[in-house]
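Start at 1 and go down the list; that is how both ligands and their atoms are numbered. Here the structure is a predicted model, which is why all the values come from computation and not from measurement.
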Amino acid sequence: MKVYRDEDADLDLLKGKRIAILGFGSQGKAQALNLRDSGLEVTIGLRPQSPSRKKAEQLGFEVQSLSESCSGAELISFLIPDQVQKEVYQEEVRKNLKEGKCLIFAHAFSVHFKLVEPPDHVDVILVAPHGPGEVMRKKFQAGLGVSGFVGVYENRTGKALQKALAYAKGIGLTRTGVVETTFEHEALGDLFGEQAVLCGGLAELLKAGFETLVGQGLPPENAYLECVHQLDLIVDLIKRFGIAGMYSRISELAEFGSYVNGPRIIGERTRMAMRAILEEIRRGEFTEQFMKSYRKGFEAFKEKRQKESAHPINQVFRNIGESFASE
Ligand code: NAD
Ligand code: MG
């Protein structure tokens, strides 16, 4: 797979071209700041009552309505929550799409699942950073970047990939490296990864380990420090040395036990569940479930969030994990 770096991307392609950043949250704020520091022209598009307006103005950005920002810009970057992109596209963006403009997405979700259906006279590209906005901004200020994906859905001008690479350079991604993907693969992979492995799967694994130890009489703090607190050290080894490299750096006792019992935890049943989850994502069933919940005001979703934060593991985090983490 080709990795694109700074020398493969030309910022001049975007110089003097206005970029409308829709939204000023995690990604919007970080990307706007990085693009401006890269010498590019940025305007922020927000709702009239947006609580982010003041924040953006204090940082010296011009803030316009969503529609105005789109009408005056050549590139339009969707950095609003995925669930609102459909309505914002239909009401504010679509009417401002003159020939040759460029729509930029940080996640392929809306386009791949056809919540947003762009006309064929524009470029549609993906520039998806592998990390939260705050981390991306911090790294950028230190002269570094996070990695990311770029992709092309529509190449009206013949320059879509070059634009994606230039934008990726503007926000600092090519300092580390970007890899080309398709909208389909990014949409499926990102949803599956966060649900089954990185966020949903991992959180359940940690809670299950914690509950088992506490249920058998270990103090909660002890269970937390063993099953949760050391996670970053192992993840760091995996990122730097690979899974085999992690195993070669822990004790033989730990390695031996992992081979014997790891597969008892994640076995064929988990793999079957993973295939089922991916199939539901692929068929659009998950997207439908998510958008239906959004239309109902995320009621059940908010209840789950409440329940989740009441789990004792969060109390132990506040008792001990938080202070240890900041050391
Ligand atoms: P966010 O929730 O942090 O920010 C969204 C911003 O959009 C808000 O601050 C507000 O300014 C605006 N907004 C909210 N509701 C709106 C509405 N109804 N109409 C118009 N504007 C509204 O969002 P985010 O996490 O930065 O995500 C933006 C995009 O970036 C998403 O497509 C997401 O998948 C993608 N992404 C996020 C991350 C991340 O770490 N947060 C990483 C990679 C990609
Ligand atoms: Mg995601």
Side-chain angles (χ1 to χ4, degrees), residues 20-35 42-59 61 63-70 76-94 103-113 115-116 124-140 145-151 153 164 167-168 171-173 176 178 181 183 185-202 277 281 286-287 290-291 294-295 297-298 301 305:
I21 301 284
L22 308 185
F24 204 71
S26 172
Q27 286 294 327
K29 180 180 170 193
Q31 294 198 19
L33 288 165
N34 291 3
L35 291 167
V42 172
T43 184
I44 313 293
L46 293 175
R47 289 164 296 173
Q49 312 303 338
S50 172
S52 312
R53 171 176 287 268
K54 229 173 135 193
K55 205 169 42 163
E57 284 173 348
Q58 274 167 357
L59 286 164
F61 288 108
V63 177
Q64 297 179 295
S65 73
L66 290 157
S67 173
E68 265 175 348
S69 71
C70 293
I76 300 164
S77 194
F78 277 73
L79 299 175
I80 49 181
D82 299 288
Q83 64 271 22
V84 310
Q85 292 185 6
K86 177 180 178 166
E87 64 207 43
V88 169
Y89 173 75
Q90 289 178 353
E91 286 155 29
E92 316 279 353
V93 181
R94 189 164 53 184
L103 297 181
I104 305 169
F105 292 86
H107 187 1
F109 179 77
S110 296
V111 173
H112 176 70
F113 290 107
L115 300 169
V116 170
V124 181
I125 61 177
L126 174 75
V127 181
H130 294 155
E134 294 74 11
V135 176
M136 202 173 70
R137 176 60 184 161
K138 255 207 184 125
K139 287 208 173 197
F140 185 91
V146 299
S147 59
F149 282 129
V150 291
Y153 186 78
Y167 189 93
I171 59 175
L173 306 189
T176 298
V178 298
T181 186
F183 272 60
H185 288 172
E186 196 276 341
L188 301 183
D190 189 82
L191 290 179
F192 177 82
E194 67 204 10
Q195 294 176 19
V197 183
L198 295 178
C199 309
L202 177 63
I277 290 166
I281 292 172
F286 170 76
T287 299
F290 176 67
M291 291 304 290
Y294 168 62
R295 286 193 297 271
F298 276 152
F301 176 30
R305 184 183 280 159

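Ligand 1 has P81 within reach: a non-hydrogen atom of the residue lies less than 4.0 Å from it. In this structure, G131 has a heavy atom closer than 4.0 Å to ligand 1. Within the structure, the closest approach of Q85 to ligand 1 falls below 4.0 Å when heavy atoms are considered.
Of all non-hydrogen atoms in E186 and A128, the two that sit nearest each other are OE2-CB, 3.9 Å. For H112 against A187, the heavy-atom pair with the smallest separation is CB-CB, 3.7 Å. Shown here for Q85 and I80, the closest heavy-atom pair between the two residues is NE2-O, 3.0 Å. Taking each heavy atom of A168 and V150 in turn, the nearest pair found is CB-CG1, 4.1 Å.
Side-chain rings of F183 and F149 stay apart, their centers remaining 6.0 Å or farther from each other. Residues F61 and F24 place their aromatic rings such that the two centres sit under 6.0 Å apart.
Interface atoms of ligand 1 facing L79, defined by a heavy-atom separation under 4.0 Å, are 5 (C), 6 (C), 7 (O), 28 (C). Counting the atoms of ligand 1 from 1 in the order shown, those under 4.0 Å from a heavy atom of P129 are 43 (C). Close contacts of ligand 1 with L46, meaning ligand atoms under 4.0 Å from a residue heavy atom, involve 11 (O). Near H107, meaning under 4.0 Å from one of its heavy atoms, ligand 1 places the atoms 32 (O), 34 (O).
Summarising the geometry, atom CZ belonging to F290 is positioned 5.5 Å from atom CZ belonging to F109; distances are rounded to the nearest 0.5 Å. The line from CG of D82 to CG of L115 is 9.0 Å long, rounded to the nearest 0.5 Å.
Ranked by closest heavy atom to atom 3 (O) of ligand 1, the top entry among G45, S26, G28, S110 is S26. Across the listed options D190, V127, D82, V135, D82 owns the non-hydrogen atom lying nearest to atom 31 (C) of ligand 1. Atom 18 (N) of ligand 1 has its nearest heavy-atom neighbour, among V146, V84, L191, in V84. The heavy atom nearest to atom 30 (O) of ligand 1, considering only S50, A106, S77, is found in A106.
Side-chain atoms of F78 and V111, non-hydrogen and from C-beta on, never get closer than 4.5 Å to each other. The shortest side-chain heavy-atom distance between F192 and I277 falls under the 4.5 Å cut-off.
Protein heavy atom closest to atom 29 (C) of ligand 1, with residue, atom name and distance, is I80 O, 3.9 Å. In terms of protein heavy-atom proximity, atom 42 (C) of ligand 1 is closest to Q27 NE2, 3.2 Å. Of the protein's non-hydrogen atoms, the one nearest atom 10 (C) of ligand 1 is S52 OG, 3.9 Å. The closest protein non-hydrogen atom to atom 6 (C) of ligand 1 is G25 N, 3.7 Å.
Under the salt bridge (charged side-chain N to carboxylate O under 4.0 Å, His left out) criterion, E87 pairs with no residue at all, not counting sequence neighbours.
Judged by distance alone, with hydrogens and angles left aside, the side-chain atoms of Q83 form no donor-acceptor pair with the main-chain N or O of Y294 at under 3.5 Å. A donor-acceptor pair under 3.5 Å is absent between the side-chain atoms of S147 and the main chain of T176, judged by distance alone.
Around the Mg ion (ligand 2), the protein contributes the following N, O or S atoms under 2.8 Å, ordered by chain and number: D190 OD2, E194 OE1.
Contact annotation for R47 and ligand 1: only side-chain heavy atoms (C-beta onward) come within less than 4.0 Å of the ligand. Residue-level proximity to ligand 1 for V88 is carried by the side chain, the only part with a heavy atom below 4.0 angstrom. Residue contacts with ligand 1, taken as heavy atom pairs separated by less than 4.0 Å, involve P132 via backbone and side-chain atoms alike.
Partner S69 forms a side-chain contact (heavy atoms from CB on, under 4.5 Å) with one of V63, I21, V93, L22 and no other, that one being L22.
Looking only at atom types and distance, the side chain of H107 has a donor-acceptor partner in the side chain of D190 under 3.5 Å away.
Of the N or O atoms in E87, none lie within a sub-3.5 Å distance of an N or O in ligand 1.
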